[in-house]
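Reviewing the structure listed below.
Numbered from 1 within each chain, the chains take letters A, B, ... in sequence-line order.
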Amino acid sequence: MRKFLIDGLTRRPLTEPKPDPVDAAIEELGQKIHNHLYRRLGRSLSIRLVDAGSCNGCELEINALSNPFYDLERFGLRFVASPRHADVLMVTGPITRNMAEALRRTFDAMPEPKWVVAIGDCARDGGCFAGSYAIVGGLDAIVPVDLHIPGCPPNPTELLQGLLPLLESVEAG
Amino acid sequence: MSEIAQELTVTAAAFRSGAMPVTKVTRKLWQQAAGDLSRGLITLLSLWADHKAVYMALLNEDTKHIGVLRLDIRRDDFPSVSQFHAPAGRLERAISDLFGIRPDGADDTRPWLDHGRWQISHPLGATEPAEGPVVYEFLPIEGESLHQVAVGPVHAGIIEPGHFRITVQGETVVRLEVRLGYTHKGTDSLMVGAAPERGAMLAARTSGDSTVAYGWAFAQAVEAALGTEVPERAIWLRALMAELERLANHLGDIGGICNDAAFGMMLAQCSVLRERVLRASMQSFGHRLMRDIIIPGGVARDLDDEGHRALLALVASIRAAFPSIVALYDRTASLLDRTVSTGVLKPALARRFGAGGYVGRASGRDFDSRRDIPYAPYDRLTFEVPKRDEGDVDARIWIRIREVEQSLSIIMQILHQLPGGPIHTPAVPVGQPRQGLGLVEGFRGDILIWVALDAKGRVARCHMRDPSWFQWPLLEAVIEGNIIADFPLCNKSFNCSYSGHDL
Ligand code: SF4
């Protein structure tokens, strides 16, 4: 344990800009996000994620945003446990009929102003699963959608890139 | 020796190179198989239906031979297997939800995947308009000072949806009941009539963390059905991707489990390594999860020199960092205090449920389909299958640690021996209906895929059985008697798939 703590103090953090183009891009994107947030909201943005029947691929990449390479929180984006604390509802999956009600209720529990972001090809129109009896087919059938980030799954860079337009349009609430 | 065990004659070599033979049985023999299952003479690999029959895939653990039994449906029912052998229960409930075929004599006839919200019932059988949402009857609880905690389907973290009904007495869990089906996407119905390429895409989206394993198992089933000879290089590349996938998931899990014991440093360290695996996968195969790279007939993308180098560097960097992470786990008493002797799965139960992966291997079930029902190229690779008997959270972590080391070794062996040549050959329809079986060791355990193709080579029926089908019920068993605060820890140590199970 001591070794890790000492290393943590002495080594350069992983999140420092590196020659790796991915990391450089993340840093730039993150700064943009950060600037927008503080100009418009004056605080960080809270995100609540609901998996509405995803294959779990989208969640894996959303989770990756919290690893030390991306460290989402330093840009002022954080995931919260309760919809009552959230500004943004992120939704993954083709919106299964079995999840539609829970999703709707989560949205209703969020305070205004709120925004909805559809993540991944599935959440747009059902993606690969379009036409199935078991899905609603597209997030906008259940809640109003402000933004869609495509990909199967979108990788962490694409997720951050994709969030920018939302932040640009966010007005102080 | 039971009669049924003798019926199981198909060797790995046989079903992996050609169509899967099916043994038609009478109701009497079907029941006999259920009896043999309950006596532990054979192991249930899966149970499924099409619109005419029910099927049971069985394994003889001594000879490692398998067999598929088929019972034609006469009225609209079949003798329940679960009345003798509990692991079949949820598979039977899924069959009645999807096909409207009833397991006669089953104890638990509640719907499972069908929450009454599909607008139709029996989507794969005699479809009727549905009556609307049903109130799910959780098992009744009686006793002094009991209290219920309901969690989900929307969870606090970024995880999949499911509902947990936890009954506690004080802090101690008396019963956990899991309700699933929230991620049911109707994949089985989308498979019907699909070309194998589309089928492969659907299979690869069954469980995102196992997209390589599912892609491979589906390809295996189609290739076996059609007798396709996959080029050598493609087979080796498949194994390379499968081990990268195992590595990424195990690293994520080791960190995630420790994080659920409130030890965040392990998560940070492990997630760095996991991210490195994903980036190397991106460099070498063009997708961080390597989705849609395995296709029937081979692989869609070759590994170039740059990718080769990226993977060598990856293995070196993990080998440099991993031992001190393992030592950190092993030397942190407060962490071990949470994991040792928590959530114990008894070996007898693991065996009875045919529990695959780290769940089984941490509870003495010495089974790994890469070794025991071998498929190329694992028959030409050297690796060990770790096993523990304690069955607790700690043992499930150690199995993963050992498997990380084994996967690193396998990746190096593959990189050194990778043969040249083509990476794809067309899987050509043979002009008559055929069926094939795929069985692949995913990171969670053995994934079984059954594919029946019609004469034109399209999918007539595809059944995919995730290892989680047999692991979810075991999670319910191990949590009993633990404190409720240890539920997340136990749950993460199982890391069952929701989507893979709900389909
Ligand atoms: S978009 Fe792709 S990764 Fe995301 S849930 Fe759908 S199939 Fe899975």
Side-chain angles (χ1 to χ4, degrees), chain A residues 1 3-5 7-8 14 20 22 47-71 79-83 90 92-94 96-103 105-106 109 122 126-136 152-153 155-156, chain B residues 113-115 117-120 123 127 133 152-161 181-187 189-190 198 201-202 204-209 211 248 252 256 265 267-269 271-272 274-276 278-279 282 287-289 291-292 324-325 327-328 331-332 497-500 502:
Chain A
M1 174 110 148
K3 175 183 176 300
F4 284 91
L5 292 174
D7 276 358
L14 292 164
D20 190 332
V22 176
I47 305 171
R48 168 69 246 200
L49 180 115
V50 172
D51 172 340
S54 106
C55 76
N56 194 29
C58 281
E59 277 66 35
L60 292 176
E61 292 296 58
I62 292 168
N63 267 321
L65 283 173
S66 301
N67 78 35
F69 283 90
Y70 305 99
D71 193 11
F79 287 99
V80 291
S82 169
M90 256 189 194
T92 63
T96 58
R97 291 193 190 277
N98 287 352
M99 266 309 283
E101 186 189 337
L103 173 63
R105 286 213 218 166
T106 307
C122 286
C128 223
F129 305 100
S132 161
Y133 62 88
I135 67 163
V136 174
C152 184
N155 65 38
Chain B
L113 300 175
D114 187 355
H115 295 190
R117 294 174 185 272
W118 298 337
Q119 301 180 332
I120 52 170
T127 306
V154 178
H155 298 287
I158 304 175
I159 58 165
E160 298 181 82
Y182 293 94
T183 73
H184 179 74
K185 295 180 263 295
T187 307
S189 79
L190 295 170
R198 159 129 169 104
M201 284 183 71
L202 287 167
R205 282 157 184 77
T206 305
S207 183
D209 48 25
T211 184
M265 193 192 280
L267 176 66
Q269 298 295 336
S271 63
V272 166
R274 177 184 156 84
E275 177 70 19
R276 292 214 165 108
L278 299 187
R279 288 185 178 194
M282 178 77 192
H287 191 286
R288 284 163 55 93
L289 305 178
R291 174 163 276 164
D292 298 334
S324 47
I325 294 177
L328 173 64
R331 288 188 201 142
T332 306
S497 170
Y498 299 68
S499 183
D502 294 349

Interface moiety of [X] toward chain B, non-hydrogen atoms closer than 4.5 Å:
{"X": "A:Val136", "value": "neither"}
{"X": "A:Ala100", "value": "neither"}
{"X": "A:Arg105", "value": "neither"}
{"X": "A:Pro83", "value": "neither"}
{"X": "A:Phe129", "value": "both"}
{"X": "A:Cys122", "value": "neither"}

Go through the atoms of [X] and report whether side chain, backbone, both or neither lie under 4.5 Å from a heavy atom of chain A.
{"X": "B:Leu289", "value": "side chain"}
{"X": "B:Ser324", "value": "both"}
{"X": "B:Arg331", "value": "neither"}
{"X": "B:Leu267", "value": "neither"}
{"X": "B:His287", "value": "side chain"}

What pair of heavy atoms forms the shortest contact from A:Arg48 to B:His155, and how long is it?
-> NH2-O, 2.5 Å
Shortest non-hydrogen contact from B:Ser271 toward A:Pro68 = OG-CD, 3.3 Å
Under 3.5 Å: donor-acceptor pair, side chain of A:Asn56, backbone of B:Gly208 |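 Here the side-chain-to-backbone pair does not exist.
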Side-chain donor or acceptor of B:Lys185 paired with backbone N/O of A:Gly53 under 3.5 Å | yes
If you round to the nearest 0.5 Å, how far is [atom2] of [Y] from [atom1] of [X]?
{"X": "B:Tyr182", "Y": "A:Asp51", "atom1": "OH", "atom2": "CG", "answer": "13.0 Å"}
{"X": "B:Trp118", "Y": "A:Thr96", "atom1": "CH2", "atom2": "OG1", "answer": "10.5 Å"}
{"X": "B:Leu278", "Y": "A:Asn67", "atom1": "CG", "atom2": "CG", "answer": "8.5 Å"}
{"X": "A:Cys128", "Y": "B:Leu190", "atom1": "SG", "atom2": "CG", "answer": "8.0 Å"}
{"X": "A:Leu60", "Y": "B:Arg274", "atom1": "CG", "atom2": "CZ", "answer": "5.0 Å"}
{"X": "A:Asn155", "Y": "B:Met282", "atom1": "CG", "atom2": "CE", "answer": "6.0 Å"}

Tell me which of these, [options], has more heavy-atom pairs under 4.5 Å with chain A than the rest.
{"options": "B:Leu113, B:Leu328, B:Ile158, B:Thr183", "value": "B:Ile158"}
{"options": "B:Pro161, B:Ala248, B:Gly157", "value": "B:Pro161"}
{"options": "B:Arg205, B:Met201, B:Arg198", "value": "B:Arg205"}

Top residue by heavy-atom pair count (under 4.5 Å) with chain B, among [options]?
{"options": "A:Glu101, A:Glu59, A:Met99", "result": "A:Met99"}
{"options": "A:Gly127, A:Ser82, A:Pro156", "result": "A:Pro156"}
{"options": "A:Ser66, A:Ala102, A:Ser54, A:Pro94", "result": "A:Ser54"}

Report the C-alpha distance between B:His184 and A:Tyr133 in whole Å, list the side-chain angles of each, state the deciding distance to 0.1 Å, and finish with yes or no for ring pair (Phe, Tyr, Trp, His ring centres under 6.0 Å).
-> CA-CA 10 Å; B:His184 179 74; A:Tyr133 62 88; 5.7 Å; yes
Within 45° of the ring axis of A:Phe69 and under 6.0 Å from its six-membered ring centre, is that where the NZ or CZ of B:Arg279 lies?
-> yes
